[in-house]
Number of protein chains: 2
Amino acid sequence: MEMTVNRTSPPKRTTIYDLAELAGTSASAVSAVLNGNWKKRRISVKLAEKITKLAEEQGYALNMQASVLRRERSKIIGMIVPKYDNRYFGSIVEQFEARARERGLFPIITCTMRDPALEVEAARAMLSYQVDCLIATGATDPDRIVDLCAAAGVRTINLDLPGSRAPSVISDNYGGALELTRRVLSNCEREYGEKAPLLFVGGRGTDHNTMERVRGFRDAHAEAGITVDEALVQTCGYAPEKAENVMRQLAARTSDLPRGMFVNSTISLEGVMRWIRHSGHYAERMPHLGCFDWDPFVAMLGDHIEMVRQDVPKMLEAVFDIIDSGSTDLAFVEIPPIIEKIG
Amino acid sequence: MEMTVNRTSPPKRTTIYDLAELAGTSASAVSAVLNGNWKKRRISVKLAEKITKLAEEQGYALNMQASVLRRERSKIIGMIVPKYDNRYFGSIVEQFEARARERGLFPIITCTMRDPALEVEAARAMLSYQVDCLIATGATDPDRIVDLCAAAGVRTINLDLPGSRAPSVISDNYGGALELTRRVLSNCEREYGEKAPLLFVGGRGTDHNTMERVRGFRDAHAEAGITVDEALVQTCGYAPEKAENVMRQLAARTSDLPRGMFVNSTISLEGVMRWIRHSGHYAERMPHLGCFDWDPFVAMLGDHIEMVRQDVPKMLEAVFDIIDSGSTDLAFVEIPPIIEKIG
DNA sequence: CACATGTGCTCAATCGATGAAGCAAGAATT
DNA sequence: AATTCTTGCTTCATCGATTGAGCACATGTG
């Protein structure tokens, strides 16, 4: 048992061959014991215990690369996610990790900064790591990713934003927006005694969610008999600066600012609020706001903000139901979001 | 070119052997071309181009498992992180991913929900995936993780919370807390015209950061000639409910609530704010708050809250400086946090 | 013309784990 | 006693990429 540990080069990790030698047995017996199917392979309890004990003593750690290379399925499950800067994606990722681990899957997550090129690059990287399944969250071009994965025989599920070539789990954006708009409209009417249209700010005009939310927004106005001017729908992107810009330009064009707004994410709300605070507009009376997304501190900003909270636990349950069922049909699951009570 | 794609079993992925056959060359030539050291291996430009083109056409994706298994270094870099529910950890993770990718490293991240058992399990999993290096962020027991990794010859760097057996990059908690406390104390004195101690809420009394912040808190009081009662230091943990509880119990004991508080994280602040809003205490005058951590919406909550923002870009720069330098000495880097201006 | 040098590739071992196939020894059955 | 069965292992090919060693041919040098 000579110890030739060279401190300059990394100490060789213990492998099943080392353990086999120590136990005076074969590598395949060690493998069978350590990966749990030693009963099937008719290894005696005595040997199994001996090997287990040795493995512990030696601090043996399975080499996943070797294991995955040999195995049919990798049990690695990937997720790509746009950003980590808000509670929505944060809880998606937390839930994803927890549920994956529960099932004995190894989650790997990558954030793409909403950059389509990075999305594709990330998807490719995941394929290289032999993921069994990829969840594309809020992807700009989900179908592109699905195609890449399909070519490698990897299942994909779209989350948050739907695609046409893989099952999709999303919020009921239309329903949520309809209800949110109704509430903000009625808050405005209650305060000002007259009906007036809201401003829609944030999101991308081309993405499904934003389009559905705009539809809910318009329908709620229609219900109330209010017409919505085109200029009042500003799908300028998600970044705070873009929302801020919209407000600045609107204020430059007209002194008659809307009394209420539908803001398409907390991140856009950040920009809107910043502008409201710095511009001096709305100094006497805050506008009524509705935010499609939830944040605990936004909830404390005052009773002029309504929020719709996407139901992340239910969404991930739906995602894993699809994974567990192994079904391949193009499900399209819409989860009703939660209308948060003010205060 | 027969297409025998069996839809029930996954279509076999293209390997370098497939490409070699198509190109009429050997697998090792393909490998050399695709991993970029074909010049060293004296492959002709002509063949290189042919192979590259073929790889693209066939949608070839490297099998990382095989590649890593063979190679000396995996170029995988791991990070464990407590939670994704706040801006601080969110930006740590975003920065980590970006900088890792910049260097051609593949980042894998896992969140441990502040659970010590999960931390160890996660570290083990990372070792199995042959990470070259592990960043332990906010770990409860960093030294435990360092030991695990050291046994496998894997470098570790502690981030956010320091350990004694690996380089650590953390905020200057003492300095930040000192300045934050000074500000809140002076805000209180300005408003109330008299010196009075603040309440310290949140964090774990046993962790280095909390201890350092308490030290700064005490020293700022001492500077101002204010004595701090033991009961005013409530390191109750990070969860919102725990902070809320502290407030509730404090209010039950005394009607003379402190006029200002030092709150040890945004997540604890969530609990404190919730209590303030629901309990009816502080209804006339909000207490002056100082929060060790930053959130854009907290910044909008009013001018009674001071914030200290940990300098995540600098922290990650320091982390990657250590990684790039390859140095193994026990650096202890303290990065000054940023004092946010109110409003 | 003999020999060195350079060019452009191929061969085969290897990384560590897995599992089908097989083998030896003992137990049970006819 | 001859045979099947069972138990408890071992052997070896395999997954896909990497890389040191080596080979054949072309070109240059003395």
Side-chain angles (χ1 to χ4, degrees), chain A residues 9-10 12-51 55 58-76 106 127-130 132 152-153, chain B residues 9-10 12-51 55 58-76 106 127-130 132 152-153:
Chain A
S9 80
K12 271 276 121 282
R13 293 145 111 106
T14 313
T15 71
I16 51 170
Y17 297 93
D18 303 329
L19 294 181
E21 190 156 4
L22 288 172
T25 180
S26 72
S28 78
V30 175
S31 172
V33 169
L34 296 179
N35 69 27
N37 60 13
W38 53 281
K39 299 219 163 169
K40 259 167 267 173
R41 316 248 350 238
R42 296 186 309 211
I43 306 290
S44 64
V45 181
K46 200 177 133 212
L47 181 57
E49 274 166 0
K50 184 174 180 189
I51 289 174
Q58 302 292 315
Y60 170 79
L62 176 68
N63 183 328
M64 273 295 171
Q65 313 305 342
S67 177
V68 167
L69 176 59
R70 194 58 190 27
R71 266 158 23 197
E72 181 56 21
R73 296 185 49 230
S74 70
K75 302 202 172 187
I76 302 178
F106 186 80
L127 290 180
S128 275
Y129 282 93
Q130 312 296 110
D132 283 335
Chain B
S9 79
K12 270 273 123 286
R13 295 147 111 105
T14 314
T15 71
I16 52 170
Y17 297 94
D18 302 329
L19 294 181
E21 190 156 4
L22 289 173
T25 182
S26 71
S28 74
V30 175
S31 171
V33 168
L34 296 178
N35 70 26
N37 61 14
W38 53 281
K39 299 220 165 170
K40 257 167 264 169
R41 306 215 39 162
R42 297 185 310 210
I43 306 289
S44 65
V45 182
K46 202 178 132 211
L47 181 58
E49 275 166 359
K50 184 174 179 187
I51 289 174
Q58 302 292 316
Y60 170 79
L62 176 68
N63 183 328
M64 273 295 172
Q65 254 68 47
S67 178
V68 167
L69 176 59
R70 192 55 183 45
R71 263 157 28 196
E72 180 57 23
R73 295 185 49 229
S74 70
K75 300 202 174 185
I76 301 177
F106 186 82
L127 290 180
S128 274
Y129 282 93
Q130 312 296 111
D132 283 336

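Numbered from 1 within each chain, the chains take letters A, B, ... in sequence-line order.
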Below the 4.0 Å mark, does [N] have OP1 or OP2 next to a side-chain nitrogen or oxygen of [X]?
X     : N      : value
B/S44 : C/dG8  : no
B/N63 : D/dC15 : no
A/N35 : C/dA17 : no
B/T25 : C/dT10 : yes
A/N37 : C/dG19 : yes
B/T15 : D/dC15 : no

Where do [X] and [Y] come nearest, in terms of heavy atoms and distance?
X     : Y      : value
B/Q65 : A/M64  : CG-O, 4.4 Å
A/S74 : A/D132 : N-OD1, 3.1 Å
A/A32 : A/I43  : CB-CG1, 4.4 Å
B/Y60 : B/T14  : CD1-O, 3.3 Å

Check the distance between [N]'s [atom2] and [X]'s [atom1] and give it to me in whole angstrom.
X      : N      : atom1 : atom2 : result
A/E49  : D/dG8  : CD    : C1'   : 16 Å
B/E21  : D/dG16 : CD    : P     : 14 Å
B/R42  : D/dA26 : CZ    : P     : 16 Å
B/Q130 : C/dG16 : CD    : P     : 9 Å
A/Y17  : C/dA17 : OH    : C1'   : 6 Å
A/K40  : D/dT7  : NZ    : P     : 16 Å
A/I51  : D/dC9  : CD1   : C1'   : 10 Å
B/K39  : C/dG6  : NZ    : C1'   : 17 Å

Working to the nearest 0.5 Å, report the span between OG of B/S31 and CG of B/L62.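 The OG atom of B/S31 sits 8.5 Å away from the CG atom of B/L62.
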Where each residue is assigned the nucleotide of DNA chain D containing its nearest heavy atom, which of A/I43 and B/Q65 is assigned the position nearer the 5′ end?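 Residue closer to the 5' terminus by nearest nucleotide: A/I43.
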Evaluate B/Q58 against B/L22 for side chain to side chain contact (heavy atoms under 4.5 Å, CB included), listing each step before the verdict. CA-CA 10 Å; B/Q58 302 292 316; B/L22 289 173; 3.7 Å; yes
Whichever of B/R41 and B/L69 has its nearest DNA chain C nucleotide further upstream toward 5':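 This one resolves to B/R41.
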Assuming nearest nucleotide by heavy-atom distance, tell me which of A/T14 and B/L47 is located more 5' along DNA chain C.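 Its nucleotide being nearer the 5' end, the pick is B/L47.
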Tell me what [X] touches on the nucleic acid: a base, only sugar-phosphate, or nothing, going by heavy atoms under 4.0 Å.
X     : answer
A/S67 : sugar-phosphate
A/S28 : base
B/L62 : sugar-phosphate

Side chain of A/R70 only, please: which of D/dT10, D/dT14, D/dT18 is the nearest?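 Looking only at side-chain atoms, A/R70 lies closest to D/dT14.
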